[in-house]
Amino acid sequence: MTSRFGIDAAIFSIKAYLAAMLALYLALSIGLQRPYWAFLTSYIVAQPLAGAVVSKAMFRVIGTFVGAAAAVVMVPALDNAPELLTLAIGLWLGLCVFISLLDRTPRAYMFVLAGYSAILIALPSVEAPGTIFTVATLRVQEITLGILCGSLVHAVILPRSIAEFLLNRVAVIVRDAERWSRDSLELEPDAAVDVERRRLAQDITELHQLSIHLPFETSRIAPRVRTVRALQDQLSLLMPLGAAVADRVAQLRGAGGVPPAFKTLLADTRAWLDALGHTGRAAREDEAIALQARCAALEPAVAEGSSWRDLLMLSLAARLSALIAAHRDCRDLSEQLSTLDRRPVSPRVAELLEGRRDRELHRDVAGALRGATGAFLTIVVGSALWIASGWQDGSTAVMLAGVFLALFSASDDPLVPLRAFFFGTLIATLLGAIYGYAIMPRLDGFAQFAAAYAPPLLILGTLMHSPRWSGIALPTLLGLGSPLLIADRYISDFQSFINGAVAQLVGVAFAIVMARLLQSAGVSGAIRRTIRAGWIDIAERSTLMVPVDLRGWINRMLDRVALLAPRLAVSGRAPGTPLYDALRDLRTGVAIGELRQLRLDLPPDRGEPLRHVLTGAGAYYRSLDPDAPAPAGPGLLAEIDAAIHAFARDGDAAVRRAAALALVSLRRNLYPDADPAAEARA
């Protein structure tokens with residue numbers, strides 16, 4: 001309600017303004033040379049959530065200190081060799097950008113800051129290398145003051161709990177997941193369900209990002225991070241299981257109809273999902289056990305005479321049982337998050353929390369290298385143009401260009417935020433000229449300055465709260481923090497103000513030019529690399545003879561699904577397009593993992609049919625070209641059918657069942673349009 005009427009945004013803006021004025025007052029009181037850094041930093045670290053402010057503050061302090069240390073090392077040692085100094089600064093920025101792009105969590109900000117802090121300290125000190133240590137020390141002090149003031153105000157005055165925000169998001173995500181699963185169990189499911197279900201991947205990624213800030217929560221006892229990780233794992237199972245159940249229902253409808261017993265079971269499961277939000281844990285557990293027992297009772301035994309319809313019913317019953325268990329576990333874990341008691345709310349939760357590790361994310365090494373190269377070239381080319389032109393304020397343009405390329409290196413299309421920064425800087429220049437040379441000459445003392453600056457700062461702070469307007473509001477705020485406007489005394493130097501403003505605009509414009517040259521195929525290239533990485537993962541999973549890491553695989557693939565969805569939307573391609581469907585690849589990888597584990601558990605002679613299937617699947621995925629993908633050939637289909645026949649005659653019922661489940665899943669994922677007449681009897 002408060003968000004609807006803009007109250008949250010207004011409170012955030014007031015707190016950001018108070019933090020900025022406190023930082024500026026203290027900086028002026030203790031005589032810091034560049035009080036504008038304290039002012040700007042307080043806005044840069046501002047976040048609506050208290051825990052996020054504190055964590056970002058810590059990351060910024062560490063990044064600033066490391067960047068300052070790097071500048072102190074580089075400038076005196078290479079001052080007499082400007083070419084080497086330029087290369088060193090560029091390489092340092094490139095290294096920091098590379099590490100940040102591989103990290104892909106809020107911690108990445110620390111690495112980016114270490115990179116561009118070195119630039120902001122080193123380039124202005126090139127002509128006076130003897131002062132580099134003093135400059136670096138003062139910058140750390142000024143920024144730390146801004147960080148402390150911002151963190152104090154946002155964490156103490158009406159703090160918004162990141163734990164409360166996360167719990168609210170968990171409640172919404174769990175309810176949405178239950179609704180999507182319920183819709184998937186309809187005998188005639190809506191095609192839109194598959195599109196909505198893909199949002200779950202982005203929701204899981206959001207939970208992971210939020211959990212990074214939990215250890216810095218200030219307003220209440222925060223949930224344990226490992227509980228969030230366990231919930232992410234269970235939520236991640238819902239996508240492949242729900243899609244598998246929907247597929248088997250559709251196949252049975254086209255192969256003689258869904259048996260009445262399954263129709264009743266599906267209806268009862270839908271009713272159970274509908275009631276989960278209003279059911280106690282004991283009743284929820286009892287009903288889940290009863291539904292799973294019914295699933296087990298409906299499983300046909302796998303034998304040599306089993307038909308394809310029998311195998312579909314087996315797969316439906318098994319995947320539905322697993323889906324029920326996953327939803328039960330999600331509810332239990334969401335209750336665990338809500339309680340302040342550290343003890344597990346149930347024995348099952350204790351099992352889920354045991355040995356929980358961090359979430360595995362997709363690592364785009366080629367993309368990180370490309371972003372690092374772009375930052376490096378921006379510094380090198382910009383420095384060459386600056387030196388060749390002899391422009392005194394050229395260092396400011398080079399600094400800002402390097403900073404912007406580093407800040408937006410993780411963006412699929414950095415031109416969008418860069419253009420926003422350009423217009424924001426232009427607005428700040430016009431607004432700063434009015435303030436600096438029409439209003440500020442008439443002010444006397446800090447109180448009048450704070451009152452005069454309040455209107456634009458409060459308006460811009462409110463806009464910062466909105467993702468739609470923050471891209472313009474933040475650069476406008478940063479422009480108002482010009483060293484000629486935020487100083488210990490009024491400086492009437494219009495020419496210097498204009499030169500600095502022009503240098504800022506040129507720096508942003510140069511960053512736009514470099515981004516256009518270096519990122520011309522950014523989105524399409526990122527799509528190809530992400531899809532290709534999933535295919536290579538599947539190929540490697542097919543042939544590696546080591547224990548299966550199912551959780552790690554699902555986490556990486558769901559992260560890819562979350563990355564691909566917005567990129568495919570920008571490129572005009574549908575996420576579910578055949579052969580570009582990361583969700584299909586996720587299900588295929590799960591089936592391959594099941595087959596590989598079964599092969600590891602069996603003697604070599606009994607697992608021989610699986611070797612042929614896994615080798616064929618690995619070869620197929622390894623040969624796929626993202627620019628011209630081809631469907632799987634008939635040879636692999638024949639190998640899968642041969643393996644189904646072979647394991648139907650196995651003497652161990654558990655092996656027959658496990659093989660049938662995995663092979664049916666693989667067949668349906670790779671050959672969804674196979675002629676039913678060709679699906680030979682087991």
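Counting from 1, the numbers follow the sequence of the chain as shown. Atoms considered below: every heavy atom in the structure, side chains included; atoms not considered: hydrogens, waters and symmetry mates. Worth saying up front: this structure is predicted, and the values here are computed from it rather than measured.
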Could you walk me through whether Asp625 and Arg532 pass salt bridge (charged side-chain N to carboxylate O under 4.0 Å, His left out), step by step? CA-CA 8 Å; Asp625 181 1; Arg532 180 64 177 162; over 6 Å; no
Could you give me the CA-CA distance, side-chain angles and deciding distance for Arg328 and Gln292, then say whether side-chain contact (heavy atoms from CB on, under 4.5 Å) is met? CA-CA 11 Å; Arg328 176 204 61 203; Gln292 288 181 288; 3.5 Å; yes
Take Gln336 and Leu352, measure what side-chain contact (heavy atoms from CB on, under 4.5 Å) needs, and give me the verdict at the end. CA-CA 11 Å; Gln336 183 68 48; Leu352 294 171; over 6 Å; no
Evaluate the side-chain contact (heavy atoms from CB on, under 4.5 Å) criterion for residues Leu266 and Leu320: first the C-alpha distance (whole Å), next the side-chain angles of each, then the deciding distance (0.1 Å), finally the verdict. CA-CA 9 Å; Leu266 290 171; Leu320 181 59; 3.9 Å; yes
Which is it for Asp332 and Arg281 under the salt bridge (charged side-chain N to carboxylate O under 4.0 Å, His left out) test, yes or no, and what are the steps along the way? CA-CA 7 Å; Asp332 286 355; Arg281 186 171 59 254; 5.1 Å; no
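A distance of 11.0 Å separates CG in Asp286 from CG in Leu291, rounded to the nearest 0.5 Å. Separation of atoms CD1 (Ile592) and OG1 (Thr543) is listed at 9.5 Å; rounding is to 0.5 Å. Going from atom CG of Asp641 over to atom CG of Leu663 covers 9.0 Å, rounded to the nearest 0.5 Å.
A donor-acceptor distance shorter than 3.5 angstrom exists from the side chain of Arg270 to the backbone of Leu185, with no hydrogens or angles considered. In this structure, the side chain of Ser315 does not engage the main chain of Leu312 through any donor-acceptor pair within 3.5 Å. Side-chain atoms of Tyr671 come within 3.5 Å of backbone atoms of Leu637 as a donor-acceptor pair (strictly under, hydrogens ignored). Not one N or O on the side chain of Asp329 forms a donor-acceptor pair closer than 3.5 Å with the backbone of Ala326. Side-chain atoms of Thr615 do not come within 3.5 Å of backbone N or O of His612 as any donor-acceptor pair. Arg363 places a side-chain N or O within 3.5 Å of a backbone atom of Asp103 that can act as its donor or acceptor partner. Although no hydrogens or angles enter the test, the distance criterion places a donor-acceptor pair under 3.5 Å between the side chain of Thr264 and the main chain of Pro260. Of the possible polar contacts, none joining the Glu299 side chain to the Leu314 backbone as a donor-acceptor pair under 3.5 Å is found.
Between Arg182 and Glu178 there is no side-chain heavy-atom pair separated by less than 4.5 Å. At a threshold of 4.5 Å between non-hydrogen side-chain atoms, the residues Arg248 and Ser665 count as touching. The shortest side-chain heavy-atom distance between Val655 and Phe647 falls under the 4.5 Å cut-off. When side chains are defined from C-beta on, Arg606 does not count as touching Arg599, because their heavy atoms never get closer than 4.5 Å. With a 4.5 Å cut-off on side-chain heavy atoms, Leu661 and Arg319 count as touching. Residues Asp176 and Arg179 form a side-chain contact, since some pair of their non-hydrogen atoms from C-beta on lies under 4.5 Å apart. You'll find the side chain of Ser181 reaches within 4.5 Å of the side chain of His327, heavy atoms only. The shortest side-chain heavy-atom distance between Arg622 and Trp535 does not fall under the 4.5 Å cut-off.
A donor-acceptor pair shorter than 3.5 Å can be found between the side chains of Asp601 and Gln597. Judged by distance alone, the side chains of Thr279 and Arg284 never bring a donor and an acceptor atom under 3.5 Å apart. Side-chain contact check for Thr588 and Asp585: no donor-acceptor pair (N or O, by modelled atom type) lies under 3.5 Å. Between the side chains of Asn669 and Arg584, no donor-acceptor pair of N or O atoms lies under 3.5 Å.
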I'd like a table of donor-acceptor pairs (distance under 3.5 Å, sequence neighbours excluded) in which one partner is a side-chain atom from residues 237-245, with atom names and distances.
none

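When the options Thr269, Ile324, Asp268 are evaluated for a side chain to side chain contact (heavy atoms under 4.5 Å, CB included) with Arg294, the one that passes is Asp268. Just one residue in the list Asp364, Thr530, Asp537 forms a side chain to side chain donor-acceptor pair (under 3.5 Å) with Arg560, and that residue is Asp537.
The existence of a salt bridge linking Asp247 and Arg668 is confirmed by a sub-4.0 Å separation between a basic side-chain nitrogen and an acidic carboxylate oxygen. Checked for salt-bridge contact, Arg656 and Asp650 miss the test: no charged N lies under 4.0 Å from a carboxylate O.
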